[in-house]
Engineer: 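Pasting a structure below so you can have a look.
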Amino acid sequence: MADELSLDGRTLVGVANDDAGEVSAETTFQFEQEGKRVYAAYSGGDIVDGHLVGTFDGTQWDVRYVQLNEDGETATGHSVGTVERLGDGRLRVEDEWEWESKPGTGESVLEEVDR
């Protein structure tokens, strides 16, 4: 059931993203969750260091993120994502995001990997 989903201790990677985004297949997210609070540290690909924090109700997350890319540029944004369990038990997030520090919006997909 959707209310049993938890991101705690899971590792997700980018599997799809729009051109305006910086997350790629090399970007790895390490999640922690306590109650409805969700947090992740992420890096890889063009992203040197990134952090997201927000809420997750078991089906949807609402997070804000901040990141530093390889060019030394910082960026911030907001996203809302739907989390689902795949047939093999892994989690998948379909995410709609928008930069807040620069122009751009898009959609991305993250999927859980074993790490």
Side-chain angles (χ1 to χ4, degrees):
M1 296 177 62
D3 61 345
E4 297 175 6
L5 296 181
S6 172
L7 292 162
D8 193 47
R10 297 183 187 263
T11 301
L12 281 74
V13 298
V15 296
N17 200 2
D18 287 332
D19 290 340
E22 294 183 343
V23 168
S24 69
E26 291 81 40
T27 310
T28 302
F29 293 75
Q30 301 289 333
F31 281 88
E32 296 177 23
Q33 182 178 335
E34 185 175 320
K36 290 186 176 185
R37 183 192 67 84
V38 66
Y39 166 84
Y42 61 96
S43 63
D46 291 336
I47 301 170
V48 174
D49 191 15
H51 301 273
L52 68 79
V53 64
T55 58
F56 175 57
D57 67 7
T59 302
Q60 190 173 69
W61 78 22
D62 187 339
V63 299
R64 290 236 164 11
Y65 53 89
V66 60
Q67 63 192 43
L68 173 69
N69 68 21
E70 288 186 333
D71 294 330
E73 301 166 331
T74 60
T76 61
H78 173 246
S79 74
V80 175
T82 301
V83 181
E84 64 180 347
R85 187 180 309 276
L86 298 172
D88 61 9
R90 295 177 305 125
L91 296 187
R92 175 183 174 98
V93 182
E94 294 188 8
D95 193 44
E96 294 184 18
W97 54 265
E98 62 182 336
W99 292 114
E100 293 179 329
S101 60
K102 60 184 180 179
T105 63
E107 295 179 4
S108 62
V109 177
L110 306 176
E111 287 187 0
E112 185 176 5
V113 296
D114 294 325
R115 296 276 170 155

Engineer: Cut-off 3.5 Å, side chains only: do Thr82 and Glu94 have a donor facing an acceptor?
Structural biologist: no

Engineer: Would you say Asp18's side chain and Gly21's backbone share a donor-acceptor pair under 3.5 angstrom?
Structural biologist: no

Engineer: Take atom NZ in Lys36; do more than 12 heavy atoms of anything else shown fall under 6.0 Å from it?
Structural biologist: no

Engineer: Check the pair Glu22 / Trp99 against side chain to side chain contact (heavy atoms under 4.5 Å, CB included), numbers first and verdict last.
Structural biologist: CA-CA 11 Å; Glu22 294 183 343; Trp99 292 114; 4.3 Å; yes

Engineer: Going by an N to O cut-off under 4.0 Å, is there a salt bridge joining Glu111 and Arg90?
Structural biologist: yes

Engineer: I want to check something: taking the side chain as every heavy atom from C-beta on, are Thr27 and Val13 in contact at a cut-off of under 4.5 Å?
Structural biologist: no

Engineer: Is it the case that atom CG in Asp19 sees more than 12 heavy atoms from other parts of the structure closer than 6.0 Å?
Structural biologist: no

Engineer: Using side-chain heavy atoms (C-beta onward) and a distance below 4.5 Å, is Phe56 in contact with Leu7?
Structural biologist: yes

Engineer: Looking only at the side chains, is there a donor atom on one of Trp97 and Asn17 sitting less than 3.5 Å from an acceptor on the other?
Structural biologist: yes

Engineer: Any chance you could measure Leu5, atom CG, to Gln60, atom CD, to the nearest 0.5 Å?
Structural biologist: 12.5 Å

Engineer: Ignoring hydrogens and angles, state whether a donor on the side chain of His51 or Tyr42 is under 3.5 Å from an acceptor on the partner side chain.
Structural biologist: no

Engineer: Looking at Glu100 and Arg64, does any basic side-chain N land under 4.0 Å from a carboxylate oxygen?
Structural biologist: yes

Engineer: State, with a plain yes or no, whether a side-chain heavy atom of Glu84 is found less than 4.5 Å away from one of Leu91.
Structural biologist: no

Engineer: Among Leu110, Val83, Leu86, which residue meets the side chain to side chain contact (heavy atoms under 4.5 Å, CB included) test with Arg92?
Structural biologist: Leu86

Engineer: Enter the distance from Glu26:CD to Ser43:OG here, rounded to the nearest 0.5 Å.
Structural biologist: 11.5 Å

Engineer: Please check: side-chain N/O of Asn69 versus main-chain N/O of Asp71, any donor-acceptor pairing under 3.5 Å?
Structural biologist: yes

Engineer: Pairing donors with acceptors under 3.5 angstrom, does anything connect the side chains of Asp95 and Ser79?
Structural biologist: yes

Engineer: Quick one: sort the Phe29 and Phe31 rings into parallel, tilted or perpendicular, breaks at 30° and 60°.
Structural biologist: parallel

